[in-house]
Amino acid sequence: MREIIIAGAGYAGLRAALDLGAAQRKGQLGEARLTVVDRNDYHQVVTWLHDVAAASVEAEAARIPLSRLLGDGTLNVMQGDVRGLAPKEQRILLMDGTLLSYDRVVVALGSETLWPPVPGLRDHALPLRWWNEAFALREAIMTSFADAAATQDAAERRRLMTIVVVGGGYTGCQLAGELSHWLPALADQFGLSIFDITLRQIEAQPRLVPNWQPQLSSQAERTLRQKGVQLLLDSPLAEVGPTHFRIGERPPMPYGVMAWTGGVQAPALLAESGFRTGAQGRVVVDDYLRAEGFPTAYVAGDCALWMDGEKPLPATASHALRQGEYVARSLQREFHGEPLGRYEPTKLGLVMSLGGNDAVGTALGVPLYGPTAGLLKEGIESWYLSTIGVK
Ligand SMILES: Cc1cc2nc3c(=O)[nH]c(=O)nc-3n(C[C@H](O)[C@H](O)[C@H](O)COP(=O)(O)OP(=O)(O)OC[C@H]3O[C@@H](n4cnc5c(N)ncnc54)[C@H](O)[C@@H]3O)c2cc1C
């Protein structure tokens, strides 16, 4: 009996699990036992987390119980926190001390928030990488507005109604866009004036989404400014206190809630487990998405460092999905004694939402703006849910 373990039930892991489960049901995997381990008992629709934080989707819609997705008994679904791997011994250690042995593992543990050494940042800013963090951010903004409604002090009210998004990458832009629609409604709900709202987005580089084509960055900047987002570009965050923050040498600026979306890195446990890692702590993989030197360990999604020429392939849901699919296919080939086909990334593009119907991005190299891009983004989300069996 071959033991196949999928560590992480996110975009890459869930796709691999669904495809391997389907193969198992058709008797195409031979004697194999499939186990999925995740620290949560749900799959997170990460590409909706900014919507959860800005209350534009129901929080519960963005986490789907694994029992609903993988509960037909084909796979063994385990809730457990992976502490580390021993790739030479082909074992996984969980936080509770459980040791799991595998013949093949799919490492798909996603990425974690990267905290640069800005004094006070980690103590006061709220991250947005997991469902519970999105929920906590939404609650913090609601509490800040509730406190604003309770105070008689006008300056304090304006401070509490100042929401700051740090990071001009696609997570920060998507969050700022959604907040620009929600905050006026929230002010209304608490009987507050919309003129007391300040929504700021801060980016250290001179433009938003600096790794995109300049015309897409300009379009994103124009759209967000039209929605009332105050963009502070070329503005490196220097220090964060409980009520004020500083950019460079400028005087302190007040804020009520700060969201940190400034970067991610692969989990530290990967390097600690003996995998060779490179940019963003991601695992260096061979042509078949197997960890260098460990052919029994496939790595997929944000954990995998695939070099696309000089640059790492971006950490996106769409690449994670395709990699999960590819790994499931490779495992079937391996077990049938067939040669593996080299992994080739499919570059479909990336669309980021900017609140309401607005979005910006590229599809197959074609730049897209406004409601057309918004419709495409919506279509992608619905399509994704349908592929995992959610209507
Ligand atoms: C707010 C936000 C919006 C985004 N929007 C987009 C978008 O519009 N389009 C796009 O393409 N990409 C987007 N991304 C990026 C995209 O979500 C990630 O690239 C994608 O989730 C990576 O998939 P993955 O399978 O590698 O990891 P994930 O989907 O994050 O899955 C990792 C899984 O591993 C589990 N896990 C982690 N550590 C452990 C552990 N130690 N033990 C057990 N289980 C563990 C987690 O619970 C999770 O289920 C967005 C990211 C964020 C944060």
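On a predicted model such as this, the values are computed, not experimentally measured, just so you know.
The side-chain contact (heavy atoms from CB on, under 4.5 Å) test with Tyr170 singles out one residue from Leu350, Leu354, Leu175, and that residue is Leu350.
A donor-acceptor pair under 3.5 Å is absent between the side-chain atoms of Gln28 and the main chain of Gln24, judged by distance alone. No donor-acceptor distance shorter than 3.5 angstrom exists from the side chain of Asp308 to the backbone of Pro312, with no hydrogens or angles considered. The backbone N or O of Ala266 sits nowhere less than 3.5 Å from a side-chain atom of Ser111 that would complete a donor-acceptor pair. Under a 3.5 Å cut-off, the side chain of Thr151 and the backbone N or O of Ala148 do not form any donor-acceptor pair.
Listed by first then second residue, pairs satisfying salt bridge (charged side-chain N to carboxylate O under 4.0 Å, His left out) with a partner in residues 233-245 read Glu239-Arg246, not counting sequence neighbours.
For Lys88, the salt bridge (Lys or Arg N to Asp or Glu O under 4.0 Å) test picks out no residue, with sequence neighbours left out. With sequence neighbours excluded, no residue forms a salt bridge (Lys or Arg N to Asp or Glu O under 4.0 Å) with Arg222. Residues that satisfy the salt bridge (Lys or Arg N to Asp or Glu O under 4.0 Å) test with Asp147, not counting sequence neighbours, are absent from this structure. Not a single salt bridge (Lys or Arg N to Asp or Glu O under 4.0 Å) links Arg91 to another residue, sequence neighbours left out.
Cation-pi contact between Arg2 and Phe335: present, with separation from the ring centre below 6.0 Å and deviation from the ring axis of at most 45°.
Checking Arg250 against Ser235 by side-chain atom types alone, a donor-acceptor pair falls below 3.5 Å. In summary, the side chains of Tyr384 and Thr47 do not present any donor paired with an acceptor at a separation below 3.5 Å, with no hydrogens or angles considered. Between the side chains of Glu178 and Ser56, at least one donor-acceptor pair of N or O atoms lies under 3.5 Å.
Two different hydrophobic clusters hold Trp260 and Val52 under the rule that ILVMFWY side chains link at heavy-atom gaps under 4.5 Å.
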Extract all donor-acceptor atom pairs below 3.5 Å that involve side chains of residues 194-207 and protein atoms in other chains or at least two apart in sequence.
from	atom 1	to	atom 2	distance (Å)
Arg200	NE	Gln230	OE1	3.1
Arg200	NH2	Gln230	OE1	3.2
Gln201	NE2	Gly167	O	3.0
Glu203	OE1	Gly168	N	2.7
Glu203	OE2	Gln205	N	2.8
Arg207	NH1	Trp212	O	2.8
Arg207	NH1	Ser217	OG	2.6
Arg207	NH2	Pro210	O	3.0
Arg207	NH2	Trp212	O	3.1

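Ion pairing of Glu3 with Arg104 is absent here, as no side-chain N (NZ or NE/NH1/NH2) approaches a carboxylate O to less than 4.0 Å. In this structure, Asp96 does not pair ionically with Arg83, as no charged nitrogen and carboxylate oxygen lie closer than 4.0 Å. We find that Arg158 and Glu156 are not joined by a salt bridge, their nearest charged nitrogen and carboxylate oxygen being 4.0 Å or further apart. Look at Arg159 and Asp153 and you find no salt bridge, because none of the NZ, NE, NH1 or NH2 atoms lies under 4.0 Å from a carboxylate O.
The number of heavy atoms from other shown groups lying within 6.0 Å of CG (Asn357) does not exceed 12.
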